[in-house]
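Here the structure is laid out as structure tokens; the discussion comes afterwards.
Chain letters run A, B, ... following the sequence lines, proteins first and then strands; every chain starts at 1.
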Amino acid sequence: MSTSGQPQFRYTQTPSKVLHLRNLPWECIEEELIELCKPFGKIVNTKCNVGANRNQAFVEFTDLNQAINMVTYYASSSEPAQVRGKTVYIQYSNRHEIVNNKGPGDVPGNVLLVTIEGVEAGDVSIDVIHLVFSAFGFVHKIATFEKAAGFQALIQFSDAETAAAARDALDGRSIPRYLLPDHVGSCHLRISYSAHTDLNIKFQSHRSRDYTNPYLPVNPTAIEGFAQPAVGPDGKKKEPESTVLLASIENMQYAVTVDVLHTVFSAFGTVQKIAIFEKNGGTQALIQYPDVTTAAVAKDALEGHCIYDGGYCKLHLSYSRHTDLNVKAYSDKSRDYTIPESSLLAMQQAPTAWENRPPAPMYQGSEFGAGGAVPGQAPGGQVPSWDPNMQAGRPNFVSAPGTFRSQTYAPSAPAYATGSHQPNVGPGGASPPGQPPYYR
DNA sequence: AGCACA
């Protein structure tokens with residue numbers, strides 16, 4: 001018989017060596033928490049920018065007495081605890097240790113993963129993204145893509161400091177309205193760190209840009225308005241050949257594993273990579289061969305055939321627009337047979353290859369083979385997994401009014417619409433190169 | 001200004 005259902009009342013929480021701090025400035029950083037708390041004892045862990053407004057934090061002392069000292073001190077002090085001039089409210093946390101202090105997206109790096117909420121890929125041009133983020137320093141590269149979380153961009157800066165300045169200033173903010181199409185409501189930026197350090201941009205396109213290499217070839221199929229469906233002599237859509245086959249598995253009464261597919265497709269040559277994913281309620285797989293010829297042979301030989309007798313697991317094959325799959329070397333849904341098993345552990349730091357697709361204008365979807373290090377998708381900052389959402393693309397890609405050729409780069413930075421009230425620019429005292437935006 | 005979500 002406990003009274004566990006009883007709510008915690010104010011001022012009656014049991015002491016904990018973990019303190020809960022609230023009303024912090026939203027740009028508060030760990031160092032400021034430590035500065036505030038260390039007079040009372042040793043801090044073993046912190047978690048800042050907690051909550052939807054990022055204005056809460058947790059601080060964990062080595063022992064309970066230190067936490068009690070801090071709480072009692074400020075309970076009777078005439079000077080309230082402050083960070084950046086804001087009064088900070090301190091109480092015991094209802095937990096006794098800080099768990100999971102750093103997720104993958106919290107490990108600082110020079111590449112930001114930006115999720116632009118509430119927009120479609122066509123709503124925010126890469127030039128707008130470039131403009132917004134250039135306020136904090138030279139943007140080396142940008143890659144955009146769509147996945148379940150929404151429209152996302154990886155933005156590469158020179159260093160982690162510049163990236164952090166951009167993140168601190170823009171996370172939770174909106175892109176200024178005048179930079180967006182009228183139909184876009186709000187578009188909040190959610191920014192975390194990517195595990196990438198150097199994006200591999202193969203082409204300048206409406207989805208990717210390498211500003212360090214202006215001579216990088218333009219991918220003509222990736223320019224808005226240029227792409228037209230490739231049509232064969234018979235008037236049907238023509239699929240360009242590829243080393244990567246897309247297999248749709250029909251009537252899948254039995255589990256089809258990576259190993260099963262490897263066995264089936266190895267009959268025609270070396271299988272380099274396999275990825276299995278769900279698409280529209282069905283199961284599909286991508287199978288990569290070293291050359292187009294092998295892929296063509298396998299495609300013709302297996303098309304319409306069943307993996308198991310009795311019409312089970314019938315294969316329908318087409319060429320994928322992927323040219324090089326970016327898959328986890330070893331998982332239950334994917335395999336990279338080109339990676340020696342001995343080096344699987346070293347794969348942890350392997351960079352993502354931003355693969356371009358061959359000229360395949362009927363696919364207006366992403367030309368990239370992988371997503372970024374999305375929290376929850378690439379735990380521990382490991383190699384991002386191949387993203388099944390990339391496969392089908394979006395046939396009805398909405399054209400953005402500005403193509404990348406006609407877009408000019410305004411030298412001045414935009415103002416940011418925000419509900420907050422921070423007059424400050426250049427967070428943390430660091431003065432970013434370029435023109436910092438004003439916030440109002 | 002009121003408790004983290006990988």
If you measure only the distance, is there a donor-acceptor pair under 3.5 Å linking the side chains of [X] and [Y]?
| X | Y | value |
| --- | --- | --- |
| A:Asp324 | A:Gln288 | yes |
| A:Gln156 | A:Asp198 | yes |
| A:Ser158 | A:His140 | yes |
| A:Asp336 | A:Thr338 | yes |

task = For A:Glu97, report the nucleic acid contact type (base, sugar-phosphate, nothing); a contact means any heavy atom under 4.0 Å.
result = base

Nearest-angstrom distance from the residue atom [atom1] of [X] to [atom2] of [N]:
| X | N | atom1 | atom2 | value |
| --- | --- | --- | --- | --- |
| A:Gln13 | B:dC3 | CD | P | 10 Å |
| A:Asn49 | B:dA6 | CG | C1' | 16 Å |
| A:Trp26 | B:dA1 | CH2 | P | 16 Å |
| A:Leu24 | B:dA1 | CG | P | 11 Å |
| A:Leu21 | B:dC3 | CG | C1' | 11 Å |
| A:Asn53 | B:dC3 | CG | P | 11 Å |
| A:Asn55 | B:dC3 | CG | P | 10 Å |

query = Could you give all pairs that pass the salt bridge (charged side-chain N to carboxylate O under 4.0 Å, His left out) test and reach residues 150-163 of chain A, with sequence neighbours left out?
reply = none

query = Would you say B:dA4 has OP1 or OP2 under 4.0 Å from some side-chain N or O of A:Arg95?
reply = yes

Shortest side-chain distance from A:Asn23, nucleotide among B:dA1, B:dA4, B:dG2 = B:dA1

message = Of the listed nucleotides (B:dA4, B:dA1, B:dG2), which one gets closest to any side-chain atom of A:His20?
response = B:dG2

query = Pick the nucleotide of DNA chain B nearest each of A:Val50 and A:Arg22; which residue has the one closer to the 5' end?
reply = A:Arg22

From CA spacing to verdict: side chain to side chain donor-acceptor pair (under 3.5 Å), A:Glu146, A:Gln152 = CA-CA 6 Å; A:Glu146 281 185 282; A:Gln152 295 190 312; over 6 Å; no

ask   = Ring-on-base stacking between A:Phe58 and B:dA4, under 5.5 Å between centres and under 30° between planes: is it there?
value = yes

remark   = Hits for side chain to side chain donor-acceptor pair (under 3.5 Å) against A:Thr212, two or more places apart or cross-chain, chain-then-number order -> A:Asp210

message = Looking at A:Gln91 and B:dG2, is any side-chain donor or acceptor paired with a base atom of the opposite kind under 3.5 Å?
response = yes

ask   = Residues from residues 61-71 of chain A sitting under 4.0 Å of DNA chain B, heavy atoms only?
value = none

